[in-house]
Amino acid sequence: QAGSSNSAAASSVSSTFNPLGPNVMCSFLPRDFLECKEPIDHRNNATARQEKGYGCLRFGGSTYEDVEHTKVQCTVYTDIDCYGARTFFRDGVPCVRYTDHYFVTTLIYSMLLGFLGMDRFCLGQTGTAVGKLLTMGGVGVWWIIDVILLITNNLLPEDGSNWNPYV
């Protein structure tokens, strides 16, 4: 009977969180140990976001204040040992989407082939790119203005994504 009371005490100890123990709370793990879903895109539908309780109304932004934040569902990898729920919501995830738009590449295209509208074609702005191509970069004026717009971060990809930071 003494053995059964020891096992009962051991199971009650393991069911409570020990902050000095080797396991951390699963929700405290860094992103490297988690598989998180992408933020949900509600496309300016505030009602859908309110019903769901999370998601992004818009993606992108140039500064920290411009970027919207939301929560996403994360699951701890199976090989990681932690305490608590293994699937949870992580708050504060930025609503940022990266595509194949690289700032340096676009800037080089703009400086070398901007008079042909190559920079606008790369950004997905085909209408203005054709106009720039037909006018030879607005006889050079539009070409220079686009280089300045790129450097000041006022000419961005058409799809609303951010510049890809990974080269």
Side-chain angles (χ1 to χ4, degrees), residues 6-113 118-126 129 146-167:
N6 286 342
S7 65
S11 66
S12 68
V13 170
S14 64
S15 66
T16 60
F17 178 63
N18 180 8
L20 301 176
N23 288 342
V24 298
M25 294 291 291
C26 293
S27 59
F28 291 169
L29 289 172
R31 183 92 187 231
D32 299 339
F33 300 113
L34 306 173
E35 183 176 350
C36 295
K37 294 183 178 179
E38 292 295 318
I40 296 173
D41 186 4
H42 289 300
R43 298 175 202 224
N44 293 321
N45 187 350
T47 307
R49 181 180 179 183
Q50 189 174 11
E51 285 177 6
K52 195 94 164 158
Y54 56 92
C56 300
L57 296 177
R58 63 178 181 77
F59 280 83
S62 299
T63 62
Y64 181 82
E65 292 80 22
D66 293 342
V67 176
E68 188 178 322
H69 291 79
T70 187
K71 60 183 175 179
V72 294
Q73 186 178 10
C74 296
T75 305
V76 179
Y77 288 129
T78 54
D79 296 340
I80 305 298
D81 194 20
C82 61
Y83 181 81
R86 296 186 67 81
T87 300
F88 54 90
F89 282 98
R90 167 132 319 158
D91 202 8
V93 176
C95 295
V96 176
R97 186 178 313 155
Y98 298 113
T99 54
D100 291 332
H101 298 289
Y102 297 94
F103 175 76
V104 174
T105 306
T106 308
L107 183 62
I108 291 170
Y109 281 151
S110 185
M111 289 191 292
L112 298 178
L113 299 171
M118 183 59 77
D119 51 350
R120 296 276 182 155
F121 279 117
C122 288
L123 294 175
Q125 301 172 356
T126 53
D146 273 357
V147 171
I148 294 169
L149 287 175
L150 268 171
I151 291 171
T152 59
N153 208 26
N154 289 315
L155 186 59
L156 298 170
E158 184 67 24
D159 61 2
S161 64
N162 285 38
W163 297 111
N164 196 333
Y166 310 108
V167 178

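Below, all heavy atoms of this structure are taken into account, side chains as well, without hydrogens, waters or symmetry copies.
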- Item | Heavy-atom pair of closest approach, residues Thr70 and Pro39 | CG2-CB, 3.9 Å
- Task: Using a strict 4.0 Å threshold on nitrogen-to-oxygen distance, state whether Asp41 and Arg58 make a salt bridge.
- Result: no
- Rounded to the nearest 0.5 Å, how far apart are CZ of Phe103 and CG of Asn162? 13.0 Å
- List the atom of Asn154, the atom of Thr152, and the distance in Å for their closest heavy-atom pair. ND2-OG1, 3.0 Å
- Message: With heavy-atom distances below 4.5 Å as the criterion, would you say the side chains of Arg90 and Lys71 are in contact?
- Response: no
- Note on the structure: Rounding to 0.5 Å, atoms OG1 (Thr16) and OH (Tyr83) come to a distance of 6.0 Å
- More than 12 heavy atoms of other groups within 6.0 Å of Gln73 CD: yes
- Main-chain N/O of Tyr109 paired to Asp119 side chain as donor or acceptor, under 3.5 Å: no
- Query: Hey, does the side chain of Gln125 reach the backbone of Leu156 with a donor-acceptor pair shorter than 3.5 angstrom?
  - Reply: yes
- Can you see which heavy atom on Val24 is nearest to which on Cys82, and at what distance? O-CB, 3.3 Å
- Give, for atom OG of Ser27 and atom CG of Asp91, the distance between the pair rounded to the nearest 0.5 Å. 12.0 Å
- Message: Taking the side chain as everything from C-beta on, heavy atoms only, tell me whether Phe59 gets closer than 4.5 Å to Arg43.
- Response: no
- Between CZ of Arg49 and CG of Asn44, what distance do you get to the nearest 0.5 Å? 11.0 Å
- Check Leu150 against Thr106 and note the closest heavy-atom contact, atom names and distance. CD1-O, 3.9 Å
- Are side-chain heavy atoms of Arg120 and Asp146 found at a separation under 4.5 Å? yes
- His101 side chain to Cys122 backbone, donor-acceptor under 3.5 Å: yes
- Query: Cys36 and Val72: which non-hydrogen atoms are nearest, and at how many Å?
  - Reply: CB-CG2, 4.2 Å
- When rounded to the nearest 0.5 angstrom, what is the spacing between CH2 in Trp163 and CG in Asp100? 12.0 Å
- When Thr87, Asp81, Leu34 are each screened for side-chain contact (heavy atoms from CB on, under 4.5 Å) with Val76, the one that passes is Leu34
- Query: Does the His42 side chain pair with the main chain of Ile40, one donor and one acceptor, at a distance under 3.5 Å?
  - Reply: no
- Indicate the atoms forming the closest heavy-atom contact of Phe17 with Asn23, along with that distance. CE1-O, 3.5 Å
- Message: Using the ring centroid of each side chain, check whether Tyr77 and Phe33 are separated by less than 6.0 Å.
- Response: no
- Task: Check whether any side-chain heavy atom of Arg31 sits under 4.5 Å from a side-chain heavy atom of Val93, and report yes or no.
- Result: yes
- Task: Report yes if some heavy atom in the side chain of Met111 is under 4.5 Å from a heavy atom in the side chain of Val147; otherwise report no.
- Result: yes
- Query: What distance do Cys74 atom SG and Leu29 atom CG have between them, rounded to the nearest 0.5 Å?
  - Reply: 10.5 Å
- So do the side chains of Thr75 and Phe88 get within less than 4.5 Å of each other, counting heavy atoms only? no
- Task: Please state whether the rings of Tyr54 and Phe89 are parallel, tilted or perpendicular, taking 30° and 60° as the class boundaries.
- Result: tilted
